Peer 1: 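Provided herewith is a single structure, encoded as structure tokens, for subsequent inquiry.
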Amino acid sequence: KENKKTIVLPETMDIRVLEAAEIVLKEEIANIILVGDPQKIKEQNPNLNLDNARIINPNTDELTEKFINDLYELRKEKGLTKEQAKELLLTDNMYYACMLVKEGLADGAVSGACHSTANTLRPALQILKTAPGTKLVSTFCVIVVPNCEYGEDGVFVFADCGLNQNPNSEELSEIAISTAKSFKQILEK
């Protein structure tokens with residue numbers, strides 16, 4: 001498939017993420033970058049076929065030093081030190097995933113299987129910021145139900161399941177518009 005998106009999966013400590021990566025690779029839906037220790041990833045299930053995934057270990061990758069400097073430059077005005085930038089990049093794979101997206105090495109990152117909404121969004125907001133003109137930050141998830149007559153062939157989008165509590169009508173409108181735009185971007189090939 002042409003123009004496949006490259007997606008970073010930072011939660012490589014969760015077997016469900018690795019199983020999903022195997023399916024995405026097998027069905028050629030997207031290119032996959034896994035962030036983590038290759039040995040620990042393989043040990044979770046040696047039978048998974050992740051051969052076509054790129055695995056990046058922040059502890060040994062050549063990009064890490066650049067990312068430390070870039071993150072420091074990006075956040076020094078907020079009081080982040082180089083040492084703190086290094087610690088974030090080596091201990092929180094979502095920070096590394098967001099740097100890959102910021103550098104244009106990936107089109108997006110998927111997180112939230114085993115991290116809270118806050119721990120998923122914080123690095124994204126600090127590194128990637130929001131799209132120009134964004135009035136409200138919101139979240140959404142895509143659920144695919146096999147052999148389902150509802151939705152778009154069993155595909156459902158649930159908007160803002162964990163960020164904005166009790167949104168008013170204007171906020172609901174912004175959430176719906178933003179979710180529709182994001183969903184359309186995901187489906188573009």
Side-chain angles (χ1 to χ4, degrees), residues 1-12 14 16-17 19-21 23-24 27-35 67 70-71 73-80 88-89 92-189:
K1 295 179 182 179
E2 290 183 38
N3 299 323
K4 278 193 290 186
K5 303 286 187 195
T6 297
I7 302 300
V8 185
L9 301 177
E11 296 174 311
T12 55
D14 189 317
R16 298 171 302 164
V17 171
E19 290 168 347
I23 292 168
V24 168
E27 295 183 13
E28 299 182 0
I29 295 167
N31 298 311
I32 296 293
I33 299 174
L34 301 170
V35 180
F67 286 179
D70 290 352
L71 182 58
E73 288 298 324
L74 192 64
R75 302 289 299 163
K76 69 182 178 185
E77 301 291 321
K78 300 285 186 182
L80 187 76
L88 285 172
L89 287 164
D92 187 335
N93 289 349
M94 188 59 185
Y95 276 91
Y96 209 92
C98 287
M99 291 302 294
L100 288 164
V101 173
K102 182 162 184 64
E103 290 293 320
L105 300 170
D107 298 298
V110 175
S111 181
C114 59
H115 287 89
S116 69
T117 300
N119 289 341
T120 296
L121 286 180
R122 187 178 304 107
L125 292 173
Q126 290 177 356
I127 294 169
L128 303 172
K129 313 292 184 201
T130 59
T134 300
K135 296 178 185 175
L136 178 72
V137 174
S138 62
T139 64
F140 72 92
C141 63
V142 178
I143 305 290
V144 179
V145 180
N147 305 316
C148 180
E149 63 184 88
Y150 302 106
E152 181 69 29
D153 294 324
V155 177
F156 297 88
V157 179
F158 293 91
D160 211 348
C161 306
L163 188 59
N164 294 293
Q165 296 179 3
N166 301 315
N168 61 35
S169 57
E170 185 178 320
E171 292 169 332
L172 280 171
S173 173
E174 285 299 317
I175 291 166
I177 291 166
S178 174
T179 300
K181 285 180 183 176
S182 296
F183 187 68
K184 185 177 178 187
Q185 285 178 324
I186 289 172
L187 293 181
E188 287 177 353
K189 296 188 180 193

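Quick caveat, the model's predicted, so the values are computed rather than measured. These values consider heavy atoms only, across backbone and side chains, with no hydrogens, waters or symmetry-generated copies.
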Peer 1: Search all heavy atoms of V17 against all heavy atoms of A113 and return the closest pair with its distance.
Peer 2: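 Scanning both residues completely, I find the closest heavy atoms to be CG2-CB, 3.8 Å.
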Peer 1: Test side-chain contact (heavy atoms from CB on, under 4.5 Å) on F183 and V155 and set out the steps.
Peer 2: CA-CA 11 Å; F183 187 68; V155 177; 3.9 Å; yes
Peer 1: When you look at V101 and D107, which way does the side-chain contact (heavy atoms from CB on, under 4.5 Å) test go after all the steps?
Peer 2: CA-CA 6 Å; V101 173; D107 298 298; over 6 Å; no
Peer 1: Do F140 and L163 make a side-chain contact, defined as non-hydrogen atoms from C-beta onward lying under 4.5 Å apart?
Peer 2: no
Peer 1: Please give me the minimum heavy-atom distance between A30 and V24, naming the atom from each residue.
Peer 2: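 What the structure gives for the nearest pair is N-CG1, 3.6 Å.
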Peer 1: To the nearest 0.5 angstrom, please state how far the NE2 atom of H115 sits from the CG atom of D92.
Peer 2: 6.0 Å
Peer 1: What are the two closest non-hydrogen atoms of T6 and L105, and how far apart are they?
Peer 2: CG2-O, 3.8 Å
Peer 1: I would like to know whether F67 and Y96 meet ring-ring contact (aromatic ring centres under 6.0 Å, His included); could you show each step before the answer?
Peer 2: CA-CA 8 Å; F67 286 179; Y96 209 92; 5.0 Å; yes
Peer 1: Give a yes or no answer on whether the side chain of T12 reaches the backbone of V35 with a donor-acceptor pair at less than 3.5 Å.
Peer 2: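 Present.
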Peer 1: Write down the atom of V8, the atom of A97, and the distance for their closest heavy-atom approach.
Peer 2: CG1-CB, 3.4 Å
Peer 1: Rounded to the nearest 0.5 Å, how far apart are CG of L34 and CG of N93?
Peer 2: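 So the gap between those two atoms works out to 10.0 Å.
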Peer 1: To the closest 0.5 Å, what do you measure between CG (N119) and CD (E11)?
Peer 2: 9.5 Å
Peer 1: Could you measure the distance from the CZ atom of F156 to the SG atom of C148? Nearest 0.5 Å is fine.
Peer 2: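 SG of C148 is found 4.0 Å from CZ of F156.
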Peer 1: Is there side-chain contact between N164 and E171, with heavy atoms separated by less than 4.5 Å?
Peer 2: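 Counting from C-beta outward, N164 and E171 never come under 4.5 Å.
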Peer 1: Answer whether the closest heavy-atom distance between the side chains of L136 and S178 falls below 4.5 Å.
Peer 2: no
Peer 1: Do the side chains of I127 and Y95 get nearer than 4.5 Å, heavy atoms only?
Peer 2: yes
Peer 1: Please determine whether the number of non-hydrogen atoms from other residues, nucleotides or ligands lying under 6.0 Å from atom CD of E103 exceeds 12.
Peer 2: yes
Peer 1: Quick check: closest heavy atoms across M94 and S111, and the distance to 0.1 Å?
Peer 2: SD-CB, 3.7 Å
Peer 1: How close do Q126 and K129 get, counting heavy atoms only, and between which atoms?
Peer 2: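 Minimum heavy-atom separation between Q126 and K129: O-NZ, 3.0 Å.
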Peer 1: Are side-chain heavy atoms of L9 and I7 found at a separation under 4.5 Å?
Peer 2: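 The answer is yes, as the side chains (C-beta and beyond) meet within the 4.5 Å cut-off.
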